[in-house]
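Starting from 1, each residue takes its place in the sequence as its number.
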Amino acid sequence: MESSSTSALHTAVTGGEAKGQEHSVGIYLKVWGLLFVLSTLSYLVDYANLQGYLRWGLILALMVAKAGLIVAVFMHMRWERLALVYAILIPPLALLVLMALMATEADYTFLTRLAHFH
């Protein structure tokens, strides 16, 4: 008896049956195809024997694009509230900024010590 009243209350509160987010299989297939293309491009960067910053820049850009697609679609972040997206994305971005600042400071400290002791 209690479960039917709970179910009726839930139906009254939500305005109908509870539904989760449903996405078509097509979007997952399209993202899978795009991930395949990005992975192929990443392989072609190595196949083309690119060197230096161009090689690493392309590899990192392709890696970030693939990670973004995976997080957005397969982890359903595309359909989440903006506050949750910010709560998940801002801390790693802040850490990257702090790491860049520390690397700059370390380089400055190294060069200062090198100039002073030589």
Point to revise | Interatomic distance, Glu105 atom CD to Thr112 atom OG1 [nearest 0.5 angstrom] | key: 8.5 Å
Check your understanding: In Å and rounded to the nearest 0.5 Å, what is the CG to CG distance from Asp107 to Leu111?
Key -> 4.5 Å
Practice item. Taking all non-hydrogen atoms of both residues into account, name the closest pair between Asp46 and Arg55 and its distance. Key: OD1-NH2, 2.8 Å
Practice item. Is it possible for you to say whether Leu29 and Leu34 belong to one hydrophobic cluster, with membership spreading through side-chain heavy-atom contacts below 4.5 Å? Key: no
Review point. Hey, quick one: are Leu60 and Val45 part of the same hydrophobic cluster, counting side-chain heavy atoms closer than 4.5 Å, chains of contacts allowed?
Key: no
Practice item. Mark yes when over 12 heavy atoms from residues, nucleotides or ligands other than Tyr43 sit less than 6.0 Å from its OH; otherwise mark no. Key: no
Exercise for review: Could you grab the distance from atom CG of Leu44 to atom CG of Leu58, nearest 0.5 Å is fine?
Suggested key: 11.0 Å
Practice item. Indicate, with yes or no, if Trp32 and Met63 share a hydrophobic cluster defined by side-chain heavy-atom contacts under 4.5 Å among Ile, Leu, Val, Met, Phe, Trp and Tyr. Key: no
Check your understanding: Closest approach of Leu35 and Ile70, non-hydrogen atoms and distance?
Key -> CD1-CG1, 3.9 Å
Practice item. Please report the closest heavy-atom contact between Leu38 and Ala65, naming both atoms and the distance. Key: CD1-CB, 4.0 Å
Point to revise | Other residues, nucleotides, ligands: >12 heavy atoms within 6.0 Å of Phe74 CZ | key: yes
Study note, to complete from the structure: Rounding to 0.5 Å, atoms CH2 (Trp56) and CD (Gln51) come to a distance of 9.5 Å
